[in-house]
Amino acid sequence: MSQHLSEQELVRRESLTKLRALGINPYPQALYPVNTLSRDITENFVEGKKVIIAGRLMARRIQGNASFAEIQDSEGRVQVYFKRDEICEGEDKTLYNEVYKKLLDNGDFIGVEGELFTTQVGEKSIRVKKFILLSKSLKPLPLPKIDSEGNVHDAFSDPELRYRRRYVDLVVNEHVKATFIKRSKIITSMRNFLNSKGYLEVETPILQAIPGGAAARPFITHHNALDIPLYLRIANELYLKRLIVGGFDGVYEFAKDFRNEGMDRTHNPEFTQMEIYVSYKDYHWMMDFTEEMLETICNEVLGTTTVKIGNNEVSFKRPFKRISMIDAIKEHTGIDIVDMDQIQLRETCKKLNVAFDDSMGKGKLIDELFGEKCEANYIQPTFITDYPKEMSPLCKEHRDNPELTERFELMVNGKELANAYTELNDPIDQKERFEEQARLAEKGDDEAMFIDMDFVRALEYGMPPTSGMGIGIDRLCMFLTNNSSIQEVLFFPQMKPEKKALELSEAEKTILTLMKATPKMELGALKNATRLSGKQFDTGMKGLSKHGLIKVEVNDEAKFCVLQA
RNA sequence: GAUUUGGUAGCUCAGUCGGUAGAGCAUAUCCCUUUUAAGGAUAGGGUCCUGGGUUCGAAUCCCAGCCAGAUCACCA
């Protein structure tokens with residue numbers, strides 16, 4: 001691919017050479033003493049103030065000996081005014097006529113020294129006294145423009161290109177940059193909240209010998225020195241709980257987790273989760289805590305608890321609705337399943353058109369009913385509590401009902417945002433639940449959990465009563481930035497590898513072989529000799545011409561194909 | 001994984017019945033001293049996603065593939 005440059009790329013490379021010939025280094029070493037950002041100029045404008053700014057040249061409107069340009073820095077854009085005779089005080093006007101007008105391009109980084117003034121049209125601008133090229137750009141940026149009515153022209157909008165070249169997306173699409181700034185603020189706000197409560201931010205292994213804490217297919221890799229398989233973590237739960245065993249009152253981690261599963265608009269192979277464990281608490285406390293945390297983040301980052309998500313308006317103002325899974329099913333289907341056995345549950349599923357199979361036990365059936373009939377209805381933040389036991393092998397049995405667990409999921413806009421337990425701390429029960437998972441794995445459930453005997457050993461030393469919660473950071477960012485796909489809140493979402501540049505095609509090779517034997521041939525004869533179809537011959541010829549390997553010459557009545565040296 | 005839509009210039013997109021590839025912006029050259037998506041004139045710029053097929057002839061029709069989007073399924 002690298003051999004073919006577009007006309008615009010060639011022009012910029014020529015400009016580079018010309019700049020060097022003029023003694024201008026297009027990539028200077030020295031720092032540039034920036035003292036002002038574009039936002040300072042627009043927000044705290046002082047007529048005549050001297051400023052030094054730097055950024056990318058993003059637009060130029062040249063009017064003979066005067067010109068308006070726009071410089072974009074990290075905070076936005078500002079207009080700068082170049083006047084030939086101010087930049088070139090003497091007779092030599094090269095700096096304006098050649099360097100500025102011809103050798104600079106959109107996308108170049110320049111530094112500008114000048115003073116603030118207001119144009120006749122009222123635009124706050126900088127009158128340039130001196131400018132310097134800081135870095136030359138060799139590829140043209142897409143240049144979306146917004147007209148006076150707010151319509152975007154030539155938007156850089158193709159998702160494939162935007163995700164693969166996120167750097168371009170960020171330069172050109174202000175709203176994309178804003179999304180990622182908001183993401184950073186959300187994480188900072190959450191971290192501040194957790195720290196303010198006195199909890200300790202920790203780091204636990206990403207490479208794990210036993211991937212635990214969730215039901216998911218892991219990525220596997222290999223450690224050479226130890227000669228063992230290692231897995232990329234699917235959750236950090238089991239390590240954080242070991243730390244509670246070790247005596248910390250509250251630990252949390254912002255964790256990249258990795259799951260070797262499908263990719264779509266809500267799933268990326270690596271994603272971010274915040275997990276927190278606090279000793280001497282239960283899941284009721286954790287609901288209060290989660291509410292407070294989310295309300296705080298909304299107020300800090302958005303300045304409001306009302307958030308627009310798609311067509312819905314969602315309020316993160318406390319308190320959130322709380323409802324048990326069984327009551328939720330009753331609410332949305334009118335059916336009370338509280339005393340049903342497995343057979344009755346299957347009949348209920350059949351009646352409600354909920355798909356199930358024979359391997360599903362009671363818990364799975366209830367979960368299926370909830371997922372199909374209820375989940376999507378919870379637009380406003382709602383805690384769904386008390387999940388069936390077999391779905392939750394790390395969660396403590398419910399204090400009032402041994403078939404349930406003390407677990408909640410927080411639903412927002414019909415999707416799961418957070419998941420929490422009163423943590424199971426009975427080591428014997430934990431070991432039995434792991435063994436049950438192992439039996440499921442043997443039956444072919446590829447999401448069943450591995451048995452982590454060291455974790456059981458840790459529990460045997462004793463873990464205080466603890467509540468833990470995990471919240472999907474990517475999903476939270478999607479909600480708070482009103483994006484419906486995870487790719488929009490990840491800088492570099494996973495993509496399939498880009499296609500490699502093509503070698504010569506078979507048709508091209510055939511033609512080239514013939515041409516090497518006979519460097520000049522009449523076209524018709526060449527085509528016959530290749531025995532290619534019309535289309536194959538045509539594309540082959542086009543391809544070779546493109547590569548500069550052959551040339552077609554026309555004299556009088558005949559066309560000849562000539563091999564190029 | 002299923003269904004579906006799309007892939008044409010640096011960017012955004014047209015392209016009729018199968019008959020030499022189009023526009024705007026961007027770029028280049030020339031003119032122009034206060035403009036605001038776009039000053040004027042002229043010019044250059046194409047692997048029409050890839051491969052095969054049908055055809056005298058394919059961006060266009062057919063088949064296969066690649067990539068992406070959307071919807072659905074799956075997802076502690």
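In what follows, chains are A, B, ... by sequence order, proteins preceding strands, each numbered from 1. Quantities reported herein were computed from a predicted structural model and do not represent experimental measurements.
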* To do: Look at the side chain of A/Glu7 and decide which nucleotide, out of B/rC11, B/rG10, B/rG45, has an atom nearest to it.
  => B/rG45
* Could you work out the separation of B/rA9 and B/rG45 based on their P atoms and round it to a whole Å? => 15 Å
* **Touch class at under 4.0 angstrom, heavy-atom based, for A/Arg84 against every strand present** => nothing
* Are any of the side-chain nitrogens in A/Glu70 or A/Arg61 under 4.0 Å away from the carboxylate oxygens of its partner? -> yes
* To do: Return the nearest nucleotide to the side chain of A/Phe68; candidates are B/rU34, B/rA26, B/rC75.
  => B/rU34
* Asked: Once you round it to whole Å, what is the distance between C1' of B/rU35 and CZ of A/Phe117?
  -> 10 Å
* Inspect the contact between A/Asp367 and A/Lys364 and indicate whether a charged nitrogen and a carboxylate oxygen are less than 4.0 angstrom apart. => no
* **Distance, C1' atom - from B/rU60 to B/rC49, rounded to whole angstrom** => 15 Å
* Asked: Ignoring hydrogens and angles, does a donor from either the side chain of A/Asp264 or the base of B/rA73 sit under 3.5 Å from an acceptor on the other?
  -> yes
* Atom P, compared across B/rC25 and B/rA41: separation rounded to whole Å -> 10 Å
* Check every strand shown and say whether A/Ser157 touches a base, only sugar-phosphate, or nothing at a heavy-atom separation below 4.0 Å. => sugar-phosphate
* To do: Using a heavy-atom cut-off of under 4.0 Å over every strand shown, decide if A/Gln487 touches base, sugar-phosphate, or nothing.
  => nothing
* What is the per-nucleotide protein-contact pattern of nucleotides 36-42 of chain B, from the 5' end, where B denotes a base atom under 4.0 Å from a protein heavy atom, S denotes such proximity for sugar-phosphate atoms only, and - denotes neither? -> BBS----
* **Whole-angstrom distance between B/rA23 and B/rA14, as gauged at atom P** => 16 Å
* To do: Have a look at A/Arg407 and say if it touches a base, only the backbone sugar-phosphate, or nothing, with a 4.0 Å heavy-atom cut-off.
  => sugar-phosphate
* Indicate whether OP1 or OP2 belonging to B/rC30 is found under 4.0 Å from a side-chain N or O atom of A/Lys102. => yes
* **Euclidean distance for P, B/rU8 against B/rG46 (whole angstrom)** => 15 Å
* Asked: Does the gap between the ring centers of A/Tyr96 and A/Phe82 come in under 6.0 Å?
  -> no
* Any donor-acceptor pair under 3.5 Å from A/Arg56 side chain to A/Ile110 backbone -> no
* Using the P atoms only, state how far B/rG10 lies from B/rU3, rounded to an integer number of Å. => 34 Å
* Structure fact -> By ring pair (Phe, Tyr, Trp, His ring centres under 6.0 Å), A/Phe383 pairs with (sequence neighbours left out) A/Phe320, A/Phe408
* Asked: With a 4.0 Å cut-off on heavy atoms, is A/Tyr163 in touch with a base, just the backbone sugar-phosphate, or nothing at all?
  -> sugar-phosphate
* **B/rA68 versus B/rA73 - spacing of their P atoms, nearest Å** => 22 Å
* Asked: Looking at A/Tyr277, does the NZ or CZ of A/Arg242 lie under 6.0 angstrom from its six-membered ring centre and within 45 degrees of the ring axis?
  -> no
* With C1' as the reference atom in both, quote the distance from B/rU71 to B/rA64 in angstrom, rounded to an integer. => 25 Å
* Under-4.0 Å side-chain N/O to phosphate OP1/OP2 contact, A/Arg164 with B/rA68 -> yes
* Ion pair present between A/Arg164 and A/Glu160, side-chain N to carboxylate O less than 4.0 angstrom? -> yes
* Asked: Taking the six-membered ring for Trp, are the ring centroids of A/Tyr231 and A/Phe219 within less than 6.0 Å of each other?
  -> no
